[in-house]
Amino acid sequence: MSDDIRTKMGLRPVINVSGTMTSLGASIVVPEAIEAMAAILPQFVEINDLQRKASAVIARLTGGEAGFVTASCSAGISLAVAATITGPDLLAIEKLPETSTPKNEVLVQMGHMVSYGAPVDQSIRLAGGKVVMIGQATSTHRYHMENAITDRTAAAVYVVSHHVVDYGLLNLKEFVEIAHARGVPVIVDAASEYDLRLFLEQGADIALYSGHKFLGGPTSGIVAGKKELVRNAFLQNMGIGRGMKVGKESIFGVMAALEAWKKRDHVGIRERETGYLNLWKETLSDRPGITALIEPDPTNNPLDRMRVIVSPQEAHITAWDLAARLRSGPTPIIVRDHEVEHHYFYLDPCNLHPGQERIVAARLAEELDKARASNEVIATPFEDLSRHRFDGALRWPD
């Protein structure tokens, strides 16, 4: 532990069972990407030429015609939307987010209007797009989308995420069919998705991926798809994309992470993760008020997580208080707790270093034993969590 850079800096050494969360650093960067970044950092390159090299790798891995690397998937949304508004018009690119072109409306299903740390619609508005929500939060039908398309429609954005409503909405194939019937390009936000080819195969004109989540590259986003649209998105680096630029190390690091992805032992990784899940299930079995369920990923990524359901009266603690106790102390364990008001959280095994799974199991047992020994149910009012959710950010810097 003494060699841990985090300890030297006075930072807590986090154990991440939340998943590929940007707020925790997203993922463990693969050795190939680290080596590539170290190799190019001392050197000078012509960035546009390096991006052309990246385009070839992205095209080969995603099945798109072209691609480039940007700062994040969020940046990718803004650049792709901007591309549909300005085309290759350099003056229009310079004027954004003010638009001088007749098309600037962007369709999004209401059930996809989520936050991934910032609102989806803000990424669209940064590009000069006017968001047109279609349907209701839990219901979008063909006629909603068909009647929303006008001569001012520039694009339609489709979000793939565990945050979106997963029923009652148009699926991607139908979404694409309706958009393409009227000549509207479709942009898919697939930041946390495992399959690099599926969304373009299903008709998306541009697919956006995180370079730093499942890929294990540096913080970055990948824009892939139709050559003309990708080119027009890349041109936004002469406008709003300037503040979203990436350096040589990120471009080359993503290229290396993509090449490593082809060679990764995906089956072996899943087997290791299954072992972690089984250990936690055994740890939690027969504990009063605790139900542990191994569940598949909601967006069909090939991995499982554990849902830990907490009955406060029997466990003597709420799900949110248990999550809070796990993340307290010198070695915080951060769970996936975005639905914790429903009395459960998730344990995601995809970002653990070997041996950390046992630390997680031990802390779970320790905190549950402490709670059961309490004479009263540990139950902080949930409203208190809501009231203080952003205290840490608002206090920054100290």
Side-chain angles (χ1 to χ4, degrees), residues 19 73-74 76-78 80-81 84-85 103-127 129-195 198-209 225 293 295-301 305 307 309 336-346 382 386 389:
C73 202
S74 176
I77 296 173
S78 296
V81 166
T84 67
I85 293 173
K103 291 187 176 184
N104 70 340
E105 293 185 353
V106 179
L107 308 186
V108 186
Q109 296 186 83
M110 190 178 292
H112 285 188
M113 292 288 285
V114 297
S115 173
Y116 44 73
V120 166
D121 63 299
Q122 186 173 49
S123 295
I124 295 169
R125 289 185 284 109
L126 283 170
K130 179 182 177 182
V131 177
V132 176
M133 289 188 288
I134 54 176
Q136 292 85 40
T138 58
S139 176
T140 306
H141 301 296
R142 293 184 67 98
Y143 65 83
H144 288 130
M145 186 169 180
E146 289 168 343
N147 284 281
I149 297 174
T150 71
D151 293 340
R152 297 182 299 279
T153 306
V157 170
Y158 191 96
V159 181
V160 184
S161 169
H162 65 279
H163 289 298
V164 304
V165 174
D166 63 356
Y167 62 93
L169 306 188
L170 296 170
N171 65 40
L172 178 57
K173 287 183 180 179
E174 196 168 13
F175 192 85
V176 166
E177 176 197 332
I178 296 166
H180 284 182
R182 298 282 291 276
V184 175
V186 172
I187 300 163
V188 174
D189 172 7
S192 296
E193 298 311 297
Y194 209 89
D195 193 322
L198 175 66
F199 306 104
L200 293 177
E201 288 175 352
Q202 291 188 343
D205 298 282
I206 282 186
L208 308 168
Y209 295 96
L293 304 175
E295 298 181 346
D297 178 80
T299 61
N300 297 317
N301 287 315
R305 298 183 184 89
R307 189 203 297 235
I309 306 170
R336 180 179 286 222
D337 63 353
H338 62 284
E339 296 174 302
V340 75
E341 64 265 40
H342 297 300
H343 299 285
Y344 60 81
F345 57 76
Y346 285 93
F382 187 77
S386 179
R389 188 176 301 275

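Excluded from the calculations below are hydrogen atoms, water molecules and symmetry mates; all remaining heavy atoms, backbone and side chain alike, are included.
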Practice problem: For residues Pro298 and Arg305, determine if any side-chain heavy atom of one lies less than 4.5 Å from a side-chain heavy atom of the other. | Solution: yes
Practice problem: Work out which heavy atom in Pro185 is nearest to a heavy atom in Thr84; give both atom names and the distance. | Solution: CG-CG2, 3.8 Å
Quiz item: NE2 of His144 to CD1 of Ile178: how many Å apart, nearest 0.5 Å?
Solution: 11.0 Å
Quiz item: Can you name the closest pair of heavy atoms from Leu169 and Ala137 and give their distance?
Solution: CD2-O, 4.0 Å
Practice problem: Using salt bridge (charged side-chain N to carboxylate O under 4.0 Å, His left out) as the criterion, list what pairs up with Glu201, not counting sequence neighbours. | Solution: Arg197
Quiz prompt | Residues that Glu295 engages under side-chain hydrogen bond (donor to acceptor under 3.5 Å, both in side chains), provided they are two or more places apart | solution = Arg307, Tyr346
Quiz item: Looking only at heavy atoms, what is the nearest atom pair of Ile85 and Asn104, with distance?
Solution: CG1-CA, 4.0 Å
Quiz item: In a check of side chain to side chain donor-acceptor pair (under 3.5 Å) between Tyr116 and each of Ser161, Ser123, Ser192, which one passes?
Solution: Ser123
Quiz item: Are the side chains of Ile187 and Ile77 in touch, meaning some heavy atoms are under 4.5 Å apart?
Solution: no
Quiz item: Take atom CE in Met133; do more than 12 heavy atoms of anything else shown fall under 6.0 Å from it?
Solution: no
Quiz item: Under 3.5 Å, side chain of Thr153 to main-chain N/O of Ala155, donor-acceptor pair present?
Solution: no
Quiz item: Which distance, rounded to the nearest 0.5 Å, do you find between the CD of Glu339 and the NE2 of His163?
Solution: 9.0 Å
Quiz item: Given the rule in the side-chain contact (heavy atoms from CB on, under 4.5 Å) test, do His180 and Asp205 qualify, once you have shown the distances and angles that lead to the verdict?
Solution: CA-CA 10 Å; His180 284 182; Asp205 298 282; 2.7 Å; yes
Quiz prompt | Pairwise distance CZ(Arg182) to OG1(Thr150) - rounded to 0.5 angstrom | solution = 8.0 Å
Quiz item: Tell me, do Val157 and His112 make a side-chain contact under 4.5 Å, heavy atoms counted?
Solution: no
Practice problem: Kindly determine whether His162 and Arg336 satisfy side-chain contact (heavy atoms from CB on, under 4.5 Å), including the steps that lead there. | Solution: CA-CA 11 Å; His162 65 279; Arg336 180 179 286 222; 3.6 Å; yes
Practice problem: Please round to the nearest 0.5 Å and tell me the distance separating atom CG of Asp195 and atom CG of Asn300. | Solution: 10.0 Å
Exercise. Please tell me if the side chains of Val106 and Val131 come closer than 4.5 Å, counting only heavy atoms from C-beta onward.
Key: no
Practice problem: In plain terms, say whether Lys103 and Asp151 are close enough for a salt bridge, that is, a side-chain N and a carboxylate O under 4.0 Å apart. | Solution: no
Quiz prompt | Nearest heavy atoms of Asp297 and Asn301, plus distance in Å | solution = OD2-N, 3.1 Å
Quiz item: Taking all atoms of both residues into account, what is the closest heavy-atom pair of Ala148 and Val132, and its distance?
Solution: CB-CG1, 4.4 Å
Self-check item: Check: Glu193 and Thr299 side chains under 4.5 Å, non-hydrogen atoms
Solution: yes
Quiz item: Nearest 0.5 Å, what's the CD-CZ distance between Glu177 and Arg142?
Solution: 4.0 Å
Quiz item: What is the minimum heavy-atom distance between Val188 and Ala204, and which atoms define it?
Solution: CG2-CB, 3.5 Å
Self-check item: Backbone N/O of Gly135 and side chain of Gln109: donor-acceptor pair under 3.5 Å
Solution: no
Practice problem: Carefully, step by step, assess Val176 and Gln202 under the rule side-chain contact (heavy atoms from CB on, under 4.5 Å). | Solution: CA-CA 8 Å; Val176 166; Gln202 291 188 343; 5.9 Å; no
Practice problem: Quick one: pull up CD1 in Ile206 and CZ in Phe199 and give me the separation to the nearest 0.5 Å. | Solution: 15.0 Å
Quiz item: With a 4.5 Å heavy-atom cut-off, do Ile134 and Phe175 have their side chains touching?
Solution: yes
Exercise. Check whether any side-chain heavy atom of Val340 sits under 4.5 Å from a side-chain heavy atom of Phe382, and report yes or no.
Key: yes
Quiz item: Does the side chain of Val108 reach to within under 4.5 Å of the side chain of Asp121, using non-hydrogen atoms?
Solution: no
